[in-house]
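The structure presented is a predicted model; accordingly, all values stated were derived computationally and were not measured.
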Amino acid sequence: MEGLIEKILEYVEPDEEITPDSALKADCGLTSFDLVCITEDLSRERGMKADKVNIRACVTVKDLAVLFGIE
C-alpha cells in the first residue's frame, strides 16, 4: 500500500496524509487525468491491464489497491 501512496504523491500534494480510506479525488486531489496516468503506471509496473469500468469504480486508495492486487 505504501508504494501506491508514493505513486499518488508523484502526482499531487494533498493537504492531509493519504490513508487507504482516502478518497482519490476529494481527499487526494487527483484529477481524472492523474488517475489515468497512475493506472497506466501501475499497469506497466504490475504487468496487467485494468478495465476502464473497474478503474472508474475506484473511489478510495484501497479500491485502487484491490484492483491492482496491491497490499
Q: Could you give me the CA-CA distance, side-chain angles and deciding distance for L42 and I70, then say whether side chain to side chain contact (heavy atoms under 4.5 Å, CB included) is met?
A: CA-CA 10 Å; L42 292 171; I70 299 170; 4.0 Å; yes
Q.
Set out, in order, the CA-CA distance, both residues' side-chain angles and the distance that settles side-chain hydrogen bond (donor to acceptor under 3.5 Å, both in side chains) for S32 and K25, then state yes or no.
A. CA-CA 8 Å; S32 295; K25 292 184 178 182; 3.2 Å; yes
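Considering OG1 of T60 and CD1 of I18, their distance stands at 12.0 Å, rounded to 0.5 Å. Taking SG of C37 as the start and CG of L30 as the end, the distance is 10.0 Å to the nearest 0.5 Å. One distance of note links CZ of R46 with CG of L67; it measures 10.5 Å at 0.5 Å rounding. The structure places CZ of F68 at 5.5 Å from OG1 of T39, a figure rounded to the nearest 0.5 Å.
Within 6.0 Å of CG on D15 lie no more than 12 heavy atoms contributed by other residues, nucleotides or ligands. Residue-environment remark: CD (E10) exceeds the threshold of 12 foreign heavy atoms within 6.0 Å.
Within the 4.5 Å cutoff, the side chain of L35 has heavy atoms near those of the L64 side chain. At a threshold of 4.5 Å between non-hydrogen side-chain atoms, the residues E17 and S22 do not count as touching.
Formation of a donor-acceptor pair under 3.5 Å by the D34 side chain with backbone atoms of T31 is found in this model. Distance alone, capped at 3.5 Å, places no donor-acceptor pair between the N54 side chain and the A50 backbone.
Under the 4.5 Å side-chain contact rule for hydrophobic residues, V36 and M48 do not share a cluster. Under the 4.5 Å side-chain heavy-atom criterion for grouping Ile, Leu, Val, Met, Phe, Trp and Tyr, I55 is not connected to V59 through any hydrophobic cluster. Both I38 and M1 belong to a common hydrophobic cluster when Ile, Leu, Val, Met, Phe, Trp and Tyr are linked at side-chain heavy-atom distances under 4.5 angstrom.
Only one option out of D27, I8, L9 pairs with P14 in a side chain to side chain contact (heavy atoms under 4.5 Å, CB included); it is L9.
Here R56 pairs with nothing under the side-chain hydrogen bond (donor to acceptor under 3.5 Å, both in side chains) rule; sequence neighbours left out.
Across every non-hydrogen atom of V61 and C28, the tightest pair is CG2-SG, 3.9 Å. The minimum heavy-atom distance linking Y11 with D41 is given by the pair OH-OD2, 2.5 Å.
A salt bridge is defined here as a Lys NZ or Arg NE, NH1 or NH2 lying under 4.0 Å from an Asp or Glu carboxylate O, and E40 with K49 meets this definition.
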